[in-house]
Amino acid sequence: PVSPVNVTVTGAAGQIGYALLFRIASGQLLGADVPVRLRLLEITPALKAAEGTAMELDDCAFPLLQGIDITDDANVAFDGTNVGLLVGARPRTKGMERGDLLEANGGIFKPQGKAINDHAADDVKVLVVGNPANTNALIAQAAAPDVPAERFTAMTRLDHNRALTQLAKKTGSTVADIKKLTIWGNHSATQYPDIFHAEISGKNAAQVVNDEKWLADEFIPTVAKRGAAIIDARGASSAASAANAAIDHVHTWVNGTAEGDWASMGIPSDGSYGVPEGIISSFPVTTKDGAYEIVQGLEINEFSRTRIDASVKELSDERDAVRGLGLI
Ligand code: NAI
């Protein structure tokens, strides 16, 4: 029998956890022939709720699900982990300054990074979903010096997927017609969804759209502010679509991008495209055999350069702030 892949989910009793766990257990994360063992990490008061979710997972009788462990100890949760989905985070509450937010999340992601460093499997891959995702990923990565830095990634796939649909609607195409779209920068309001290299049924997307005003005044803000629009409409934050994007991110990383296409991932910069080395910023990437590479050689026009620089500046400021707090 094939030994199961250990998948650890933090914040397992939360909204995204509830939308995510069933899809992992059904085989959508890694493949329909890959058995999984789930490790759920929660804070102590939420353990009971996590147990409730585990009861429902049992009741699905997923053939691929080989076991569920529930714990409030990161050292246990990450023991032998092959895939870590870091979803639980400290949300920004009213009146909270950025420094307080980063410090509170440092208290979560630094020990989790250390637990991954000390206990995870050699091939561990980490996706940080909990916000501020890019900087939380940086904190965890810095706390795991024995793990190759490139294994720590942050989620911008939801932004990527949101941009695909907005572009499809604008151009009367379908998402399946669109390739090579890119999210650059931070998973925040400064992110830059770039269609200048995207293709719609083989034609350049920016030329098909041919409307820079729509790009600047509608497309970019709609994608960047979609999270707030969902909260406004649903009365709760986007959980199912976030879980879906987490599935897409890991599935792409493990199973590869399609020929002639790429995906967006928040990854440690190697200095490409003028993004300072080390910060975790979103790039266009191709993936193969469980590894990713930044797509090189794209021409960045003035419109894109300004926006990429602004988002990267925000990430550099966040890095300086967590450095100042001694979190990295
Ligand atoms: P939620 O509040 O429903 O769930 C979060 C869970 O994390 C709670 O059950 C909480 O007990 C748990 N938690 C808190 N601290 C923990 C710790 N130290 N260890 C383990 N678990 C811990 O929130 P939801 O809706 O599930 O969202 C989770 C995060 O994902 C938020 O930070 C949210 O901003 C972020 N998010 C990121 C997106 C992205 O595109 N990168 C998209 C949507 C949400």
Side-chain angles (χ1 to χ4, degrees), residues 8-21 39-54 69-78 81 84-93 96 101-116 126-140 143 152-163 183 185-191 193 223-231 234-250 263-267 280-282 315:
T8 300
V9 178
T10 77
Q15 274 211 93
I16 294 175
Y18 194 70
L20 182 60
L21 291 165
R39 296 267 162 75
L40 315 187
L41 180 67
E42 258 297 348
I43 52 172
T44 316
L47 283 176
K48 189 163 180 218
E51 275 159 23
T53 304
D69 306 307
I70 305 168
T71 178
D72 57 3
D73 181 346
N75 293 316
V76 175
F78 289 110
T81 293
L85 301 170
L86 278 49
V87 178
R90 173 72 161 79
R92 188 178 219 132
T93 40
M96 200 176 192
L101 180 75
L102 294 173
E103 189 152 32
N105 278 293
I108 296 173
F109 288 88
K110 196 172 174 178
Q112 289 183 3
K114 176 148 190 359
I116 289 167
V126 178
L127 168 62
V128 175
V129 174
N131 282 318
N134 299 54
T135 296
N136 287 341
L138 180 67
I139 294 168
F152 285 84
T153 67
M155 190 166 93
T156 53
R157 187 62 172 263
L158 179 54
D159 309 303
H160 183 104
N161 288 344
R162 286 166 170 168
I183 303 293
N186 199 1
H187 169 69
S188 77
T190 67
Q191 65 172 270
V223 173
K225 294 179 191 161
R226 187 73 165 176
I230 303 269
I231 292 174
R234 206 172 86 87
S237 62
S238 44
S241 53
N244 178 69
I247 297 274
D248 283 351
H249 177 113
V250 173
S264 303
M265 285 171 70
I267 57 171
I280 298 196
S281 188
S282 188
L315 283 169

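When a ligand or atom number is given, it counts from 1 through the structure's own listing order.
In summary, the atoms of ligand 1 found under 4.0 Å from a heavy atom of Ala13, numbered by their order in the structure, are 9 (O). Heavy-atom contacts of Gln112 reach the following atoms of ligand 1: 17 (C), 18 (N), 19 (N) (cutoff under 4.0 Å). Annotation for ligand 1: atoms under 4.0 Å from non-hydrogen atoms of Leu158 are 40 (O), 42 (C). If you number the atoms of ligand 1 from 1 as listed, the ones under 4.0 Å from a heavy atom of Ser237 come out as 25 (O). In the vicinity of Gly11, heavy-atom distances shorter than 4.0 Å reach the ligand 1 atoms 6 (C), 7 (O), 12 (C), 20 (C), 21 (N). Ligand 1 places these atoms under 4.0 Å from at least one heavy atom of Ala242: 42 (C), 43 (C). Of all the atoms in ligand 1, the ones that sit under 4.0 Å from a non-hydrogen atom of Ala89 are 32 (O).
The heavy-atom pair separating Ala89 from Phe109 by the smallest distance is CB-CE1, 4.0 Å. Across all their heavy atoms, Lys110 and Ala143 have their closest contact at O-CB, 3.4 Å. Ala263 and Arg157 make their closest contact through CB-NH1, 3.8 Å (heavy atoms, listed as atom of the first residue, atom of the second, distance). Closest approach of Leu40 and Ala50 over heavy atoms only: CD1-O, 4.1 Å.
At the top of the distance list for atom 3 (O) of ligand 1, counting protein heavy atoms only, stands Gln15 N, 2.9 Å. Summary of contacts: the protein heavy atom closest to atom 27 (O) of ligand 1 is Ile16 CD1, 3.4 Å. In terms of protein heavy atoms, atom 9 (O) of ligand 1 is closest to Glu42 OE2, 2.6 Å. The protein heavy atom nearest to atom 37 (C) of ligand 1 is Val129 O, 3.0 Å. The protein heavy-atom contact nearest to atom 17 (C) of ligand 1 is Ile43 CG2, 3.6 Å.
Atom 15 (N) of ligand 1 lies below 4.0 Å from at least one non-hydrogen atom of the protein. Note that atom 23 (O) of ligand 1 has no protein non-hydrogen atoms nearby, at separations under 4.0 angstrom.
Considering backbone and side-chain N/O of Ser238, none are found under 3.5 Å from N/O of ligand 1. Remark: ligand 1 and Ala46 share no N or O pair separated by less than 3.5 Å (distance only, no angle test). Of the N or O atoms in Ala133, none lie within a sub-3.5 Å distance of an N or O in ligand 1. Ligand 1 has an N or O atom lying under 3.5 Å from an N or O atom of His187, backbone or side chain. Close N/O approach between Asp159 and ligand 1 is not found [any backbone or side-chain N/O within under 3.5 Å].
Using a 4.0 Å cutoff on heavy atoms, Pro91 does not count as a contact of ligand 1. Note on ligand 1: Arg157 sits outside its first shell, no heavy atom being nearer than 4.0 Å.
Closest heavy-atom approach to atom 4 (O) of ligand 1 within the set Ala12, Gly14, Ser241: this belongs to Gly14. Nearest-residue assignment for atom 33 (C) of ligand 1 (options Asn105, Val87, Asn131; heavy-atom criterion): Asn131.
Here the rule is side-chain hydrogen bond (donor to acceptor under 3.5 Å, both in side chains) with His187, and of Asp159, Asn134, Thr156 only Asp159 fits it.
A distance of 4.0 Å separates CG of Leu315 from CG of Asn186, quoted to the nearest 0.5 Å. Within the model, atoms CE of Met265 and CD1 of Ile280 stand 10.5 Å from one another, a figure rounded to the nearest 0.5 Å. Note that the OH atom of Tyr18 and the OG1 atom of Thr53 stand 6.5 Å from one another [nearest 0.5 Å]. Atom CD of residue Gln112 and atom CG of residue Asn75 lie 10.5 Å apart, to the nearest 0.5 angstrom. To the nearest 0.5 angstrom, Arg39 atom CZ is 4.5 Å from Asp69 atom CG. Atoms OG and CD, on Ser237 and Gln15 in that order, are 4.0 Å from each other to the nearest 0.5 Å.
Using a 4.5 Å heavy-atom threshold, the side chains of Ile247 and Leu20 count as touching. Contact of the Leu86 side chain with the Ile116 side chain is registered, since non-hydrogen atoms from C-beta on lie closer than 4.5 Å.
Asn131 and Asn136 share no donor-acceptor pair across their side chains, judged by distance under 3.5 Å alone.
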